Amino acid sequence: RFSAHQPLAKDRAGTGLPQASSRPDAMDGLDALKISEDKKKYIVDLLNPVLEEMVAECIHRMPQDPVPFMLQWLEQKKVTDDDKLLSPEEKDRLAQENKNLESEINRVKSQMQECAKLAAGDTKKDDEEEEEEDDEDDEPPADFEKQMPNKARQSVSAEAYGQWNQKKAFVPQVIPKSEDQKERLKQVLGKSFMFANLEDNDLGIIVGAMKEVTVKAQEQVIIQGDAGDFLFVIESGDFDCIVGDKVVKTCGSGDVFGELALLYNCPRAATVQSKGASVCWQLDRDTFNNIVKEAAQKKRDRYDSFLAKVPLLSSMDAYERSQLADALKVESFGDGQVVMSQGEVGTKFYIVEEGVAFANKNGQQVMEYGVGDYFGELALITNQPRAATVTTKGPAKLLSINKGSFNRLLNVNDLLERSNKYK
């Protein structure tokens with residue numbers, strides 16, 4: 001409370017508030033109050049300085065409603081004062097914690113965007129996607145938010161972890177197989193983007209856990225609306241994905257279906273029916289979540305921030321970058337190693353993750369590539385031979401994308417506008 005005997009004078013902000021006077025004067029102004037000396041001292045030393053500063057700022061800003069403004073001001077002052085008490089080490093630790101939290105928030109946002117786009121059920125498909133590897137989601141989850149019949153599974157992909165929701169130890173099942181079955185299965189998994197880039201140990205666990213399923217013609221393997229505990233990889237035969245009465249997609253050898261119910265704990269979004277006698281491989285939920293899903297998420301987390309810095313990909317949202325990260329393959333090259341040769345048929349697009357490479361055309365260096373630069377797009381866009389030879393300069397790590405994923409995931413028109421660099 002301000003002393004009634006305190007003279008008014010213009011302060012720095014020109015508010016006309018009473019300035020903080022000397023301590024004896026301020027104490028004299030409190031003589032009329034019947035309070036103890038300790039309380040007078042508290043008012044003068046602690047309370048008045050804060051109130052004067054707050055009221056001065058309030059008059060300077062003149063908010064329409066001063067109460068919320070003053071509350072916010074006090075909160076900010078508390079934060080500022082507390083920050084001054086922190087040591088440099090404590091500030092660094094808190095900054096790192098904030099960075100980790102921000103990264104976690106971005107990861108959850110990415111998963112939420114992925115769920116939203118999958119729920120849109122985009123079933124468009126061009127001719128080239130039918131010829132190349134088709135990484136698209138097999139079942140557009142139109143009823144994504146529908147409650148699962150099994151009440152034990154009502155979480156979403158952005159799972160919360162705590163003492164009440166801790167992971168159980170995972171022990172993969174092993175289904176006996178002949179060597180012929182194992183070789184067939186490895187060939188099938190090599191065609192699928194979801195399994196092709198698994199490490200050898202993880203791939204071995206998947207091969208051991210999968211079960212061969214023989215399907216008759218016109219047999220329904222999964223039914224729309226059911227709960228799902230398995231996904232399927234097609235070895236031979238074709239399958240129609242049916243939503244309602246409409247065939248929205250046909251899957252063939254190497255394609256995966258049924259994974260959405262496992263990824264997002266939602267009911268089956270489509271009925272999948274064989275067109276003829278077929279062979280599939282079945283994978284259980286636990287093995288998928290612990291091996292495939294976690295590997296895919298680690299890969300997405302690793303490359304999301306890197307891909308966001310590539311100029312060509314700056315317009316992609318988090319969901320689109322996650323799809324691209326799924327399709328990336330890491331390739332390492334030594335010093336002076338040829339990545340691609342002028343005149344050869346192009347099957348891959350490259351992004352430099354580490355190191356340097358340069359392009360030669362007819363013996364002349366025409367381009368140098370550093371981290372975040374890309375090359376190899378011209379032959380894929382125009383279906384013409386490679387326009388230049390690209391060689392590494394020192395050890396390099398490149399991210400490659402095959403032709404099918406390239407055409408599906410990237411903005412080809414944007415690439416075409418930039419592809420005159422060799423001309």
Side-chain angles (χ1 to χ4, degrees), residues 128 131-133 135 190-200 203 295-296 298-300 302-314 316 320-423:
E128 186 159 4
E131 298 172 4
E132 301 289 344
E133 284 186 9
D135 303 354
K191 298 178 184 179
S192 170
F193 86 97
M194 187 173 289
F195 301 98
N197 295 325
L198 288 176
E199 295 180 1
D200 291 341
L203 183 61
K298 287 178 182 177
K299 187 177 180 183
R300 289 180 179 185
R302 177 181 177 185
Y303 288 116
D304 182 72
S305 59
F306 173 78
L307 294 175
K309 297 175 184 177
V310 177
L312 173 68
L313 312 176
S314 59
M316 299 178 80
E320 291 167 333
R321 286 197 304 272
S322 71
Q323 292 263 293
L324 184 59
D326 287 341
L328 292 174
K329 183 177 180 181
V330 181
E331 299 188 33
S332 297
F333 294 85
D335 181 26
Q337 191 170 349
V338 174
V339 180
M340 64 185 201
S341 300
Q342 184 176 350
E344 71 180 8
V345 176
T347 59
K348 295 179 181 179
F349 168 73
Y350 295 92
I351 302 173
V352 181
E353 182 182 8
E354 296 177 7
V356 177
F358 58 90
N360 284 330
K361 185 174 182 180
N362 301 325
Q364 297 293 321
Q365 182 171 330
V366 294
M367 186 67 64
E368 183 171 301
Y369 306 102
V371 174
D373 291 335
Y374 59 90
F375 58 87
E377 78 284 359
L378 188 60
L380 302 188
I381 295 172
T382 62
N383 290 318
Q384 295 179 356
R386 296 290 195 189
T389 296
V390 177
T391 308
T392 56
K393 186 177 181 180
K397 184 184 290 186
L398 307 180
L399 306 176
S400 67
I401 305 169
N402 63 38
K403 188 176 181 179
S405 299
F406 172 87
N407 289 325
R408 183 178 63 81
L409 296 172
L410 297 178
N411 186 336
V412 176
N413 291 330
D414 188 19
L415 284 167
L416 192 59
E417 293 176 1
R418 304 178 185 214
S419 63
N420 59 356
K421 58 188 174 185
Y422 297 126
K423 298 179 181 178

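Fair warning: this is a prediction, and the values are worked out from it, not measured in the lab.
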- Kindly state whether the ring of Y374 and the ring of F349 have centres lying under 6.0 angstrom apart.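 Distance test on ring centres: under 6.0 Å, yes.
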
- Task: State, with a plain yes or no, whether a side-chain heavy atom of N360 is found less than 4.5 Å away from one of V390.
- Result: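 Side chain of N360 against side chain of V390, heavy atoms only: no contact under 4.5 Å found.
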
- Query: Below 4.5 Å, heavy atoms only, C-beta onward: do K329 and L399 meet side chain to side chain?
  - Reply: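 Result no, sub-4.5 Å side-chain heavy-atom pair not found.
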
- Item | Distance in Å, Y303 OH paired with L328 CG, rounded so as to fall on 0.5 Å steps |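 Y303 OH to L328 CG: 7.0 Å, rounded to 0.5 Å.
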
- Item | Value rounded to 0.5 Å, distance of CD in E353 from CZ in F306 |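 Answer rounded to 0.5 Å: 5.5 Å.
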
Where is the tightest heavy-atom contact between [X] and [Y], given as atom of each residue plus distance?
X: V352; Y: G370; value: CB-O, 3.2 Å
X: A388; Y: K361; value: CB-CB, 4.4 Å
X: A379; Y: G346; value: CB-CA, 4.1 Å

- Item | Short side-chain to backbone donor-acceptor contact, T392 and G336, under 3.5 Å |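 Side chain of T392 to backbone of G336, a donor-acceptor pair under 3.5 Å: yes, one is there.
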
- Query: Are the side chain of Q337 and the backbone N or O of G334 linked by a donor-acceptor pair below 3.5 Å?
  - Reply: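 Yes, the answer is positive, given that a donor and an acceptor are paired below the 3.5 Å cut-off.
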
- Go through L398 and F375 one step at a time and tell me if the side chain to side chain contact (heavy atoms under 4.5 Å, CB included) criterion holds. CA-CA 10 Å; L398 307 180; F375 58 87; 3.9 Å; yes

- Task: For F333, check ring pair (Phe, Tyr, Trp, His ring centres under 6.0 Å) against everything at least two apart and list the hits.
- Result: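 None.
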
Result block: side-chain N/O donor-acceptor pairs under 3.5 angstrom for residues 338-345, not counting sequence neighbours:
| from | atom 1 | to | atom 2 | distance (Å) |
| --- | --- | --- | --- | --- |
| Q342 | OE1 | N362 | N | 3.1 |
| Q342 | NE2 | N362 | OD1 | 3.0 |
| E344 | OE2 | S341 | N | 3.0 |

- Are N383 and K403 close enough, and set up right, to give a side chain to side chain contact (heavy atoms under 4.5 Å, CB included), and what steps lead you there? CA-CA 10 Å; N383 290 318; K403 188 176 181 179; 2.8 Å; yes

- Name all residues meeting the side chain to side chain contact (heavy atoms under 4.5 Å, CB included) criterion together with D373; count only those two or more places apart in sequence or in a different chain, and write none if there are none.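 Y369.
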
- Task: May I have all residue pairs that pass salt bridge (Lys or Arg N to Asp or Glu O under 4.0 Å) and include part of residues 378-395, sequence neighbours excluded?
- Result: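 Counting only pairs at least two positions apart or across chains, no salt bridge (Lys or Arg N to Asp or Glu O under 4.0 Å) contact touches residues 378-395.
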
- Residues that E331 engages under salt bridge (charged side-chain N to carboxylate O under 4.0 Å, His left out), provided they are two or more places apart: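 So E331 forms a salt bridge (charged side-chain N to carboxylate O under 4.0 Å, His left out) with K348.
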
